[in-house]
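First comes the structure, then the notes that go with it.
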Amino acid sequence: MMLAHASMPRASTLAATALIGIPLLALSILALSTQPKLFILSLLNGLTLAALYFLVASGFTLVFGLMRNVNLAHGSLYLMGAYVGYSVGEATGSWLLAVAAGFLFAALAGLLLQVFVLRHMDGQDLRQTMVTIGISIVLADIFLWIWGGDTYQFDPPQWTQFPVPMPIINAYPGYRLLVLLAAVAVGLVLWLFLNRTHIGMMIRAGVDDKRMLSASGVNVQRIFALTFAIGAGLAGAAGVIGGTALSIAPGEDTRYLLASLIVVIVGGMGSISGAAVGALLIGIAETMGMAYAPTYGVVFTFVIMVAVLAFRPQGLMGKKA
């Protein structure tokens, strides 16, 4: 009985993977054979977008997936970091200072949000949802008041402006590949932090049994506040990185909040590896849809989400509650 029960999640994972992977593989082979340049360029753009989605969703999966705090103002933290980073970058001329400012400012905002708002609504998902939606609306108006409705874009640092030779497409911007490497590095650091450090073990223990961890003498609220600050800071830093690869404009907060929700749902709540898989699927599906079916491109991400929910409601890498 135990063996049969254990094989059910594995079978559902394989079914969901096959349902998504086989059509994607068939379409990829067809596209590569007919329009190889467009396919490779779209694939690389998809990987870059997936890296950006992961940087935002990795912070979201810490807060929403791991801590079970419903923070629908996460996209506003992304946009806050982008705008603050842009102002600091314009004033100092340093892109690295812009990234640091985006991280620190968003981390501070996230810390205040957790300490003064969400901490007092622990376990009240509906209240957290409504309050954070209200906060995101207020922040969007504040951003519009301070920075206006213009579109901004960072100039990438000089040392990242180099072409990388590629077959068929000749070259690809070095900055975009560095974004991909940064996402891989952040993912590894977060995984090691949660699974190989004392604080990470306390975070996971606190999620499973907060009262028991508190009884052992650990300040659970301080641990959770630190985790929330890290998740918010990652969103802020991603705002600067994304504003360099793409742009900063009103409405980007909603876009990246929705992307983070889909990534966490597809990958699995509380799973860093799941966030990576989800971001990869959603990023590539979005860019391929824009390249080959721009009218219906947005539908592809929701098809992936529906397929995963049908076979693995807890996500591809998630665990049942």
Side-chain angles (χ1 to χ4, degrees), residues 12-61 64-65 74-75 78 168-169 172 176-177 179-180 182-184 186-187 238 241-242 245-247 251-269 271-318:
S12 62
T13 303
L14 290 174
T17 304
L19 184 64
I20 297 171
I22 292 176
L24 286 179
L25 180 61
L27 291 173
S28 298
I29 293 173
L30 177 63
L32 185 59
S33 60
T34 56
Q35 293 179 301
K37 187 173 183 178
L38 177 62
F39 175 78
I40 292 176
L41 189 60
S42 300
L43 179 62
L44 290 173
N45 288 339
L47 291 174
T48 304
L49 184 62
L52 184 57
Y53 281 167
F54 173 75
L55 290 173
V56 184
S58 59
F60 191 70
T61 199
F64 177 53
H74 191 76
Y78 168 91
I168 300 177
I169 62 171
Y172 194 73
R176 287 178 171 265
L177 295 179
V179 171
L180 181 59
V184 173
V186 168
I241 295 172
L246 301 172
S247 61
E252 291 293 286
D253 50 347
T254 304
R255 173 190 174 184
Y256 284 97
L257 172 64
L258 181 60
S260 298
L261 280 169
I262 296 175
V263 165
V264 170
I265 290 170
V266 171
M269 293 178 62
S271 172
I272 298 298
S273 56
V277 173
L280 191 64
L281 287 173
I282 300 306
I284 292 178
E286 187 172 324
T287 54
M288 289 294 181
M290 291 175 61
Y292 292 98
T295 305
Y296 307 101
V298 69
V299 177
F300 295 161
T301 58
F302 290 99
V303 169
I304 291 174
M305 184 174 67
V306 170
V308 171
L309 289 175
F311 292 92
R312 289 277 293 176
Q314 68 271 34
L316 292 174
M317 309 291 287

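The shown structure was predicted, so the numbers you read here are calculated from the model rather than taken from an experiment.
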When every non-hydrogen atom of G315 is compared with those of V308, the smallest separation belongs to CA-CG1, 4.1 Å

With heavy-atom distances below 4.5 Å as the criterion, would you say the side chains of L44 and I169 are in contact? yes

Looking at side-chain heavy atoms only, is the closest gap between Y256 and L52 below 4.5 Å? yes

Could you give me the CA-CA distance, side-chain angles and deciding distance for R176 and L47, then say whether side chain to side chain contact (heavy atoms under 4.5 Å, CB included) is met? CA-CA 9 Å; R176 287 178 171 265; L47 291 174; over 6 Å; no

Please examine the side chains of Y172 and I40, heavy atoms only from C-beta on, and report whether any two atoms are closer than 4.5 Å. no

Are Y78 and L257 close enough that some pair of their side-chain heavy atoms sits under 4.5 Å apart? no

Just how far is it from atom CD1 of I282 to atom OG1 of T287, taken to the nearest 0.5 Å? 11.0 Å

Report the residues that fulfil side-chain contact (heavy atoms from CB on, under 4.5 Å) with A183, sequence neighbours left out, ordered by chain and then residue number. A51, F54, L55

List in chain and number order the residues that pass side-chain contact (heavy atoms from CB on, under 4.5 Å) with S247, two or more places apart in sequence or in another chain; answer none if no residue qualifies. T151

Has S42 got a side-chain atom pairing as donor or acceptor with L38's backbone, closer than 3.5 angstrom? yes

If you compare all heavy atoms of A50 against all heavy atoms of L280, which two are closest, and at what distance to 0.1 Å? CB-CA, 3.7 Å

Might you point out which heavy atoms bring V179 and T48 nearest each other, and give the distance in Å? CG1-O, 4.3 Å

Between V56 and H74, does a side chain to side chain contact (heavy atoms under 4.5 Å, CB included) hold up when you go through it step by step? CA-CA 9 Å; V56 184; H74 191 76; 3.9 Å; yes

With sequence neighbours excluded, tell me which residues meet side-chain contact (heavy atoms from CB on, under 4.5 Å) with V184. L188

I need the I265 CD1 to Q314 CD distance, nearest 0.5 Å. 13.0 Å

What distance do I262 atom CD1 and T301 atom OG1 have between them, rounded to the nearest 0.5 Å? 4.5 Å

Can you tell if the side chain of L316 reaches within under 4.5 Å of the side chain of V266, non-hydrogen atoms only? yes

Could you check N45 against L49 for side chain to side chain contact (heavy atoms under 4.5 Å, CB included), going step by step and ending with a plain yes or no? CA-CA 6 Å; N45 288 339; L49 184 62; over 6 Å; no

So, E286 and Y53: side-chain donor and acceptor under 3.5 Å apart, yes or no? yes

Dump the intermediate steps for side chain to side chain contact (heavy atoms under 4.5 Å, CB included) on F39 and I168, then the final yes or no. CA-CA 10 Å; F39 175 78; I168 300 177; over 6 Å; no

